[in-house]
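To keep things clear, I will list the structure first and then write my remarks on it.
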Amino acid sequence: MKKSARISITVLLFAHLSDILGGEVRLAVPVDSRVSDAIAALIVLDQRFAAGVKGARAAVNGEWADPVDRLRDGDELALTPPVSGG
């Protein structure tokens, strides 16, 4: 069985997202993965993450990113939930 190529990324989680999976998670995802694929991989690790990540903003290497943006080996993906309050 041929193993598919993978890349390694670091995911930084903030606020209540870090309560679920910790502040930093290292993931190995398939080459050509998108931000949305990394989020899906995090949900596989803990189903509670699915509700917590709704509305979160993503940044890749310090730049705002969309769910369809591709990830590269060594990227840092940060997920920040919406901020509320007054």
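- In the hydrophobic clustering of this structure, L42 groups with I7; members are Ile, Leu, Val, Met, Phe, Trp, Tyr whose side-chain heavy atoms approach within less than 4.5 Å, directly or through other members.
- Note on F14 and I39: separate hydrophobic clusters, where clusters join Ile, Leu, Val, Met, Phe, Trp and Tyr whose side-chain heavy atoms are under 4.5 Å apart, directly or indirectly.
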Could you go through the side chain to side chain contact (heavy atoms under 4.5 Å, CB included) check for T10 and L12 one step at a time? CA-CA 7 Å; T10 300; L12 303 179; 4.2 Å; yes
Determine, stepwise, if the pair S4 / V31 fulfils side chain to side chain contact (heavy atoms under 4.5 Å, CB included). CA-CA 8 Å; S4 63; V31 170; over 6 Å; no
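- Separation of atoms CG (L21) and CG (L45) is listed at 6.0 Å; rounding is to 0.5 Å.
- For the atom pair CD1 of I20 and CG of D46, the computed distance is 6.5 Å after rounding to the nearest 0.5 Å.
- Environment of CZ in R72: sparse, with no more than 12 heavy atoms of neighbouring residues, nucleotides or ligands closer than 6.0 Å.
- For the residue pair L71 and A38, the shortest heavy atom distance occurs at CD1-CB, 3.8 Å.
- When all heavy atoms are compared, the tightest approach of R6 to A28 is NH2-O, 2.7 Å.
- With hydrogens and angles disregarded, no donor-acceptor distance shorter than 3.5 Å links the side chain of R70 to the backbone of R34.
- The OG atom of S8 lies 8.0 Å from the CG atom of L27; values are rounded to the nearest 0.5 Å.
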In a table with atom names and distances, give each donor-acceptor pair under 3.5 Å that connects a side chain of residues 50-68 to protein atoms at least two apart or in another chain.
unit_1 : atom_1 : unit_2 : atom_2 : d
N61    : OD1    : E76    : N      : 2.9
N61    : ND2    : D75    : OD1    : 2.8

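- Using a 4.5 Å heavy-atom cutoff, the side chains of L13 and F49 are in contact.
- Closest of all the heavy-atom pairs between D37 and S33 is OD2-CA, 3.4 Å.
- The salt bridge (charged side-chain N to carboxylate O under 4.0 Å, His left out) search around D69 returns none, not counting sequence neighbours.
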